[in-house]
Amino acid sequence: MPIRTRFAPSPTGLLHIGGVRTALFSWLYARRHGGKFILRIEDTDRERSTEEATQVILDGMQWLGLVHDEGPYYQTRRMDRYREVLAQFLAAGHAYRCYCTKEELEEMRARQMAVKAKPRYDGTCRHRTEPRAGVDPVVRFKNPVDGNVVVEDVIHGNVVFDNAELDDLIIARSDGTPTYNFCVVVDDMDMQVTHVIRGDDHLNNTPRQINLLRALGTPTPVYAHVPMILGADGAKLSKRHGAVSVLQYRDEGYLPEALLNYLVRLGWSHGDQEVFSLEELQQLFDIRDVNKAASAFNPEKLLWLNQQHIMRAAPERLAEFLKPQLAALGVAVTDDRTLVAAVKALQVRAKTLREMAQNSLFFFRDFTGYDEAAAKKILTAESVAPLRSVRDKLSALDEWTAAGAHEAVNQTATELGIGLGKVAQPVRVAVVGGSVSPPIDVTLEVLGRQKTLARLQLALEYAARQ
RNA sequence: GCUCCCAUCGUCUAGAGGCCUAGGACGGAGCCCUCUCAAGGCUUAAACCGGGGUUCGAAUCCCCGUGGGAGCGCCA
């Protein structure tokens with residue numbers, strides 16, 4: 001039987017890294033086994049579902065490359081099907097109409113809590129035959145009263161639930177609309193989902209769903225309940241760290257493969273390997289190897305992985321990602337060759353694309369002033385001689401290359417009998433405005449003759465005044 | 001409260017009874033390389049939640065605590 005997995009988010013909040021990780025696991029598992037990955041939007045809660053959230057899910061999945069093979073299915077478009085199964089349930093005696101009011105249910109819960117019992121429906125309407133006037137009934141599933149349900153979970157092993165702990169859950173509201181657990185079960189059946197991979201906050205729902213599936217007379221899928229992601233402080237994931245739209249990571253300059261690499265390593269490992277390409281993951285990942293314990297989100301490791309992936313990425317591809325980052329800083333790049341050259345120069349020294357954009361600014365536009373500390377320390381009267389020498393040698397260059405620039409700097413140092421730093425640093429501050437940049441020779445090459453010479457001239461004048 | 005889940009360095013993890021003097025990675029400290037910043041290399045501090053068993057032997061198996069998490073909704 002072909003493997004079929006699904007990701008079934010509800011568009012009630014933003015797609016964040018917790019959701020992305022379960023999506024990733026489902027996607028990888030399907031890929032690994034040549035199966036299909038289905039996207040299903042669980043939007044039955046019309047009150048809280050939003051267009052915006054749906055769009056974030058779609059855009060986020062696309063940015064990450066977690067492409068679905070089927071869907072997206074929308075539960076709101078499957079209402080007829082749910083009603084059909086609902087009618088079957090009622091007809092077969094698997095479900096019944098319950099006329100208890102919300103107020104009555106609340107009272108019941110309060111009473112149960114008062115005696116330290118687990119709040120649950122007592123089955124009052126189970127055997128009711130007559131409707132109650134003035135009450136629109138809900139539909140409840142007739143859960144087995146005894147015996148137990150064993151969830152065979154590939155991550156947690158067998159988890160046993162007594163049916164006595166479960167109650168008759170509502171599968172349709174008084175307005176006739178179906179509820180979550182019911183829709184999920186019908187969908188998973190109809191879509192022939194073979195592996196349900198989801199957060200372990202759903203583990204407690206699973207026995208109910210299994211009972212529903214049994215009533216439907218359909219086989220149960222394989223379950224894998226993956227542990228949750230905690231915030232960096234070990235508490236619940238919050239806005240402060242990670243519970244933001246995944247698209248924010250894109251905007252902050254993270255590479256999709258870096259985020260995915262980070263998330264897959266939360267609860268999964270392969271020997272001592274830390275950096276994985278998407279191709280490797282598709283070959284190596286197995287849901288069976290995922291840990292049981294929740295793990296804390298560590299932004300610093302994500303940052304490190306992002307840098308690792310930036311170092312390994314194709315410069316041309318990075319250049320495309322860099323454009324919007326530069327645009328956000330007010331720079332519209334038209335010269336792709338220079339952009340790619342800048343990327344290559346900065347590739348090993350940027351943790352994010354945003355940082356790369358910031359550090360490449362001087363290639364594309366003139367800076368307004370020198371970094372104060374750097375200028376004070378480096379563009380001194382002492383720097384006039386080396387700056388002048390480098391400028392002269394550079395202007396005499398026939399071909400503008402890194403090798404030529406290298407020679408100019410080295411020869412200057414030799415001729416003046418000073419260290420390389422005494423030459424390179426003034427030049428650096430002169431052309432970039434601060435004391436940090438890629439190696440000075442490649443910096444000059446990428447910057448080009450015109451800008452280099454002009455900026456050296458300005459620095460020379462500045463230094464002469466010191 | 002009840003039910004379920006979980007528990008190795010600060011964090012992510014390796015570890016499926018002897019290979020553990022508990023390994024790797026991020027982060028920290030130090031050194032090397034070096035024109036700056038990175039990258040890279042080397043070194044270093046840092047953990048088996050507690051208590052009972054089982055066993056010749058336990059981080060690994062069992063039980064009990066403790067701590068954390070989830071669920072208990074006409075939310076998903």
Side-chain angles (χ1 to χ4, degrees), chain A residues 8-13 42-45 47-49 75 98 100-102 105-106 109 112-120 136-140 151 153 156 159-162 164-167 169-175 177 179-181 183-184 199-207 225 227-228 230 232 234-236 262 265-275 291-305 307-308 311 346-351 359 374 378 406 409-410 413 419-429 432 434-441 443:
Chain A
S10 67
T12 53
E42 310 216 320
D43 55 353
T44 52
D45 184 353
E47 297 278 300
R48 297 194 304 149
S49 296
Q75 290 187 324
C98 169
C100 297
T101 64
K102 285 186 187 180
L105 294 174
E106 253 163 60
R109 267 192 285 273
Q112 290 162 333
M113 295 284 264
V115 293
K116 299 179 193 277
K118 185 178 190 167
R120 56 192 200 271
D136 289 327
V138 298
V139 178
R140 287 187 185 270
V151 179
D153 189 282
H156 290 276
V159 184
V160 184
F161 293 86
D162 284 335
E165 292 296 335
L166 275 24
D167 64 357
L169 79 155
I170 293 173
I171 57 179
R173 305 179 181 94
S174 47
D175 65 1
T177 59
T179 60
Y180 170 76
N181 283 103
C183 296
V184 167
D200 66 9
D201 48 337
H202 286 285
L203 186 55
N204 288 291
N205 282 329
T206 307
H225 287 95
M228 319 217 62
L230 273 24
K236 203 189 291 186
Y262 176 71
R265 280 285 290 100
L266 250 35
W268 178 85
S269 64
H270 183 259
D272 287 341
Q273 190 171 346
E274 294 288 348
V275 183
N291 281 170
K292 297 192 259 199
S295 42
F297 177 67
N298 182 347
E300 278 168 342
K301 187 150 184 180
L302 170 60
L303 217 41
W304 176 77
L305 269 170
Q307 179 172 38
Q308 293 297 314
M311 293 193 307
L346 289 161
Q347 213 167 349
V348 293
R349 54 202 98 228
K351 288 193 188 301
N359 292 338
I378 295 163
H406 192 79
V409 172
N410 278 22
L420 266 183
K422 292 285 182 199
V423 184
Q425 278 304 80
V427 174
R428 175 168 282 118
V429 178
V432 320
S435 60
V436 175
S437 88
I440 197 64
D441 49 359
T443 299

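This structure is a prediction, so every number in the text was calculated from the model and none was measured.
The partner of B:A46 cannot be assigned: no Watson-Crick or G-U wobble pair with both contacts below 3.5 Å exists in any strand. With both pairing distances under 3.5 Å, B:C56 is matched to B:G18 as a Watson-Crick or G-U wobble pair. Across all strands shown, B:C72 pairs with B:G1; the Watson-Crick or G-U wobble distances both stay below 3.5 Å. Figure legend. B:C35 is base-paired to no nucleotide; pairs are counted as Watson-Crick or G-U wobble with both atom distances under 3.5 Å.
One interatomic measurement links the two molecules: NZ of A:Lys118 to C1' of B:G73, which rounds to 14 Å at whole-angstrom precision. Distance CG (A:Asn181) to P (B:C72): 9 Å, rounded to an integer number of Å. When the P atom of B:C48 is taken as reference, atom CG of A:Asn291 falls 19 Å away, rounded to whole Å. B:G73 atom P lies 15 Å from atom CZ of A:Arg48, rounded to whole Å. The interatomic distance linking A:Leu230 (CG) with B:G69 (C1') rounds to 7 Å, in whole Å. Between the CD atom of A:Gln112 and the P atom of B:G71 there is a distance of 19 Å, given to the nearest Å. Taking atom CG of residue A:Leu266 and atom P of nucleotide B:A14, one finds them 12 Å apart after rounding to whole Å. When the C1' atom of B:G10 is taken as reference, atom CZ of A:Phe297 falls 16 Å away, rounded to whole Å.
Residue-to-nucleotide proximity on RNA chain B shows that, of A:Asn205 and A:Lys116, the 5′-proximal contact is made by A:Lys116. Nearer the 5' end of RNA chain B, as judged by each residue's closest nucleotide, is the contact made by A:Arg120, out of A:Arg120 and A:Gln75.
Using atom P as the reference point in both B:G68 and B:U36, the two lie 50 Å apart (nearest Å). Atom name P, nucleotides B:U44 and B:A22: the rounded distance is 14 Å, in whole Å. Annotation: B:A45 and B:C26 have their C1' atoms spaced 15 Å apart (nearest Å). Comparing the same atom, C1', in B:U66 and in B:A14 gives a spacing of 26 Å after rounding to whole Å. Of the C1' atoms belonging to B:G17 and B:C61, the separation is 8 Å, rounded to the nearest Å. B:G30 and B:G51 have their P atoms separated by 36 Å, given to the nearest Å. Spacing of P atoms, B:G10 relative to B:C6, comes out at 23 Å, to the nearest Å. A distance of about 26 Å separates the P atoms of B:A46 and B:G52, rounded to the whole Å.
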Using the 3.5 Å cut-off, write out each protein N or O paired with an N or O of nucleotides 4-7 of chain B and the distance between them.
unit_1: B:C5; atom_1: O3'; unit_2: A:His156; atom_2: ND1; d: 3.0
unit_1: B:C6; atom_1: OP1; unit_2: A:His156; atom_2: ND1; d: 3.4

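For A:Arg120 (side chain) and A:Ala164 (main-chain N/O), a donor-acceptor pair under 3.5 Å exists by modelled atom type. A donor-acceptor pair under 3.5 Å links the side-chain atoms of A:Asp45 to the main chain of A:Glu47, judged by distance alone. Remark: side-chain polar atoms of A:Asp153 are paired, donor with acceptor, to backbone N or O of A:His225 under 3.5 angstrom.
Nucleic acid contact class of A:His202 (heavy atoms, under 4.0 Å, all strands): base. Within the 4.0 angstrom heavy-atom criterion, only backbone atoms of the sugar-phosphate kind lie near A:Arg109; the bases stay farther away. A:Asp167 comes within contact range of no nucleotide atom at all, as no heavy-atom separation falls under 4.0 Å. Looking at heavy-atom distances under 4.0 Å, A:Thr44 makes contact with sugar-phosphate atoms alone, never a base. Backbone-only contact: A:Gly267 has heavy atoms under 4.0 Å from sugar-phosphate atoms and none from a base.
We find the CD-CG distance between A:Gln308 and A:Leu303 to be 11.0 Å, quoted to the nearest 0.5 Å. Note that NZ of A:Lys118 is 7.0 Å distant from CG of A:Leu166, once rounded to the nearest 0.5 Å. To the nearest 0.5 Å, the span separating NE2 on A:His202 from CG on A:Asp200 amounts to 9.5 Å. Once rounded to the nearest 0.5 Å, the distance linking CZ of A:Arg428 with CD of A:Gln425 reads 5.0 Å. One finds the CD atom of A:Gln347 at 9.0 Å from the CE atom of A:Met311 (value rounded to the nearest 0.5 Å). To the nearest 0.5 Å, atom NZ of residue A:Lys422 and atom CD1 of residue A:Ile378 are 9.0 Å apart.
Listed by chain and number, the residues in a side-chain contact (heavy atoms from CB on, under 4.5 Å) with A:Asn298 are A:Tyr262, A:Glu300, A:Lys301 (sequence neighbours excluded).
A:Thr12 and A:Ser49 share no donor-acceptor pair across their side chains, judged by distance under 3.5 Å alone.
Of the candidates B:C74, B:C12, B:A70, B:C74 carries the atom nearest the A:Leu105 side chain, counting heavy atoms from C-beta on. You'll find that the side chain of A:Ser295 is closest to B:U13, out of B:A70, B:A76, B:U13. For A:Val138, the listed nucleotide lying nearest its side chain is B:C74; candidates were B:G1, B:C74, B:A76.
No N or O donor and acceptor, one from the side chain of A:Asp43 and one from the base of B:A76, sit under 3.5 Å apart. In terms of polar N and O atoms assigned as donor or acceptor, the side chain of A:Thr179 never comes within less than 3.5 Å of the base of B:C74 in a complementary pairing.
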Output one letter per nucleotide in nucleotides 24-40 of chain B: B when a protein non-hydrogen atom lies under 4.0 Å from the base, S when only the sugar-phosphate is that close, - when neither is. BBBS-------BBBBSS

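When all heavy atoms of A:Ser437 and A:Arg349 are compared, the pair lying nearest together is O-NH1, 4.4 Å.
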